[in-house]
Asks: 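Got a structure for you, questions after.
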Amino acid sequence: MASLNLSTLPTTSLSSRTRSPFASKTTTHRFKVSCNAAGNEDHLPKLNMQNVDRRNLLLGLGGLYGAANLTTIGSAGAYPITAPDDISDCVAATQGVQDPDNAVRGVACCPPPSTSVPKPYVLPEFTELRIRPAAHRLTPEYLAKYKAAIAAMKALPDTHPHSWKQQGKIHCAYCNGAYSQVMNGHPELKLQVHNSSLFFPFHRWYLYFYERILGKLINDPTFGLPYWNWDNPTGMMLPAMFEEPGPNGNPRTNPLFDAFRDVSHLPPAIIDLNNRDDNAGANCVDQISANLSTVYSQMVTNSPTTSDFFGTNPDPKVTPKVGSIESGAHTAVHIWVGNPRMPNREDLGNFYSAGYDPAFYVHHSNVDRMWQIWRDINPYTNLDPTDDDWLNASYVFYDENEELVRVYNRDCVDIHKMGYDFENSRLPWLQSRPTPRVKASNIAAKSIGVVKKVEEIKFPLKLDQTVKVLVKRPERKRNAHSKKKATEMLFLNGIKYNGEVFFKLDVLVDDVDDGVETTPASSEFAGTFSMVPHNHGGDKMLMTSGAAFGITQLLEDLEAEDDEYVLVTLVPRAGAEDASVSEIKIQLVPTA
Ligand code: C2O
């Protein structure tokens with residue numbers, strides 16, 4: 001895409017030229033500071049969600065919606081995922097791993113044994129909320145506290161449930177097949193918290209205990225885990241604290257240091273929230289703009305309903321669908337930080353090793369924050385799941401008192417009851433709706449006869465190269481009333497891909513082939529499906545998932561609302577040799 005100049009960029013991230021509720025009163029060279037030293041300093045005013053009239057947010061996103069309804073996810077078939085009572089019912093994740101001896105983090109992920117069954121966890125009383133600060137804005141005192149806590153964790157013996165190693169293993173255990181679904185009567189099925197609606201609640205609980213353990217280690221019950229503010233230009237690089245030198249001027253003496261990171265992505269490299277392999281030369285302005293639009297698409301356009309944001313419940317009878325943030329910015333940060341020279345892209349680039357890098361928890365603190373913000377964006381439509389399978393899903397952790405406890409999704413929907421909140425930070429992405437490259441191109445109609453229609457295609461459709469397909473819309477020329485009642489969504493169902501490698505697929509809509517790159521800053525870029533590898537090894541492990549992309553706004557912006565068909569372009573970007581999709585369709589999905 002042509003390089004942008006400042007005046008065409010979403011304004012709120014940049015300067016005070018506009019008078020949006022989020023605009024800052026800073027000078028116009030603010031943006032340069034963000035580009036050269038994102039995260040090193042931040043004089044930007046904070047957005048205080050409490051002080052923002054919610055109607056502003058709602059209107060900004062296309063008007064008020066009707067009253068809330070109950071929302072369900074997937075099928076409710078009394079199938080809540082339940083971690084085993086007996087944690088010795090855990091096997092090393094070595095099964096099928098090609099070279100377990102050389103997996104640097106080891107694949108024995110089971111927790112320390114316990115003689116008791118997990119007690120149902122009761123949220124404790126507290127007197128002061130733990131406020132999670134933005135990582136790039138920590139005061140020296142706070143940073144010292146955080147480092148002391150991590151150092152204390154690293155000093156514990158490996159066998160201690162609070163040790164750095166045991167905390168890291170938790171992630172491996174819950175996603176690399178250490179537990180089975182024995183409590184559901186399916187010992188043959190593995191327990192997995194990714195690629196589903198368990199993603200947000202599992203990680204919320206995981207961080208909850210991690211934070212309380214850190215607080216206990218430094219005797220400060222008000223300690224809040226910092227969040228990596230990657231959705232704000234000032235936070236769009238690995239927080240400097242992770243790489244700064246420790247006591248002897250050596251980064252290795254910094255407790256936050258991790259040896260397994262991509263050295264070409266250390267500060268001040270600006271993060272790419274879309275993992276475009278080919279954008280090494282992208283200038284900082286374009287990169288920040290693309291990042292903001294990426295977050296906008298995942299938080300707004302592609303998550304109008306509960307299941308689009310959360311994904312579906314794991315259920316053997318239901319084809320899984322992944323949530324927009326999980327398969328988008330969340331994966332991108334993992335892959336961006338992990339070291340591509342390591343066999344499994346350790347640490348962050350693979351689930352088995354991710355929990356060993358302190359940056360993992362700070363990344364997930366922001367993912368957790370995204371859940372909270374998504375609810376605040378539109379409290380009428382953006383609702384947590386309410387079906388029993390989701391509410392009753394449960395996991396087992398050692399709490400900060402080394403007590404084995406069982407926790408439920410239903411008890412983690414209110415962060416204030418859990419005793420924490422986030423320091424405010426501006427949300428410039430809320431006004432970074434992508435803009436069209438080519439308006440009224442009529443490209444779908446022009447492609448008839450050249451590109452196949454969905455009904456002429458034999459599924460499953462291979463995704464080992466770029467494919468174009470015409471998809472018929474259920475309704476044309478939708479009026480305001482119809483748009484208010486339902487969102488038009490493009491579904492890719494039954495996406496099969498090799499779970500051992502990083503897989504990424506970009507989805508473009510009505511994209512005109514004119515030799516110009518379509519980035520996430522363009523309306524034509526409907527979204528991305530990408531997954532962190534799982535390291536199961538052995539035979540290629542084909543995973544199944546699905547994704548949905550909102551196209552109501554996109555078609556408005558492209559002036560294509562009268563079209564009968566849309567032209568869908570699927571661009572495999574990584575790990576797609578064995579990938580395929582079994583269904584492509586457009587449907588109107590009722591808003592709550
Ligand atoms: Cu459990 Cu970011 O993954």
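Atoms within a ligand are numbered from 1 in the order they appear, just like the ligands themselves.
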Asks: What pairs of donor and acceptor atoms, side-chain ones from residues 330-337 against any protein atom, are under 3.5 angstrom apart with sequence neighbours left out?
Replies:
{"from": "His330", "atom 1": "ND1", "to": "Glu326", "atom 2": "O", "distance (Å)": "3.0"}
{"from": "His330", "atom 1": "NE2", "to": "His334", "atom 2": "NE2", "distance (Å)": "3.0"}
{"from": "His330", "atom 1": "NE2", "to": "His364", "atom 2": "NE2", "distance (Å)": "3.2"}
{"from": "Thr331", "atom 1": "OG1", "to": "Glu326", "atom 2": "O", "distance (Å)": "2.9"}
{"from": "Thr331", "atom 1": "OG1", "to": "Ser530", "atom 2": "O", "distance (Å)": "2.9"}
{"from": "His334", "atom 1": "ND1", "to": "Leu348", "atom 2": "O", "distance (Å)": "2.7"}
{"from": "Trp336", "atom 1": "NE1", "to": "His265", "atom 2": "ND1", "distance (Å)": "3.4"}
{"from": "Trp336", "atom 1": "NE1", "to": "His265", "atom 2": "NE2", "distance (Å)": "3.4"}

Asks: Do you see a donor-acceptor pair shorter than 3.5 Å between the side chains of Thr234 and Asn229?
Replies: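 There is no such pair between these side chains.
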Asks: Taking atom types as modelled, find out whether Arg345 and Asn339 have a side-chain donor-acceptor pair closer than 3.5 angstrom.
Replies: no
Asks: Establish, for the pair Arg132 and Tyr420, whether the NZ or CZ atom is under 6.0 angstrom from the six-membered ring centre and no further than 45 degrees off its axis.
Replies: yes
Asks: Indicate if the distance from atom 2 (Cu) of ligand 1 to the nearest N, O or S atom of His363 falls below 2.8 Å.
Replies: no
Asks: Side chains of Thr305 and Asp308: any donor to acceptor distance under 3.5 Å?
Replies: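 Yes, Thr305 and Asp308 have a side-chain donor paired with an acceptor closer than 3.5 Å.
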Asks: How many degrees, to 10°, between His334 NE2 and His330 NE2 as seen from atom 2 (Cu) of ligand 1?
Replies: 90°
Asks: Identify the heavy atoms of Pro111 and Ile87 that sit nearest to each other, and give their distance.
Replies: CG-CD1, 3.8 Å
Asks: Which protein N, O or S atoms lie under 2.8 Å from atom 1 (Cu) of ligand 1?
Replies: His171 NE2, His194 NE2, His203 NE2
Asks: Can you confirm whether the thiol sulfurs of Cys172 and Cys109 sit closer than 2.5 Å?
Replies: yes
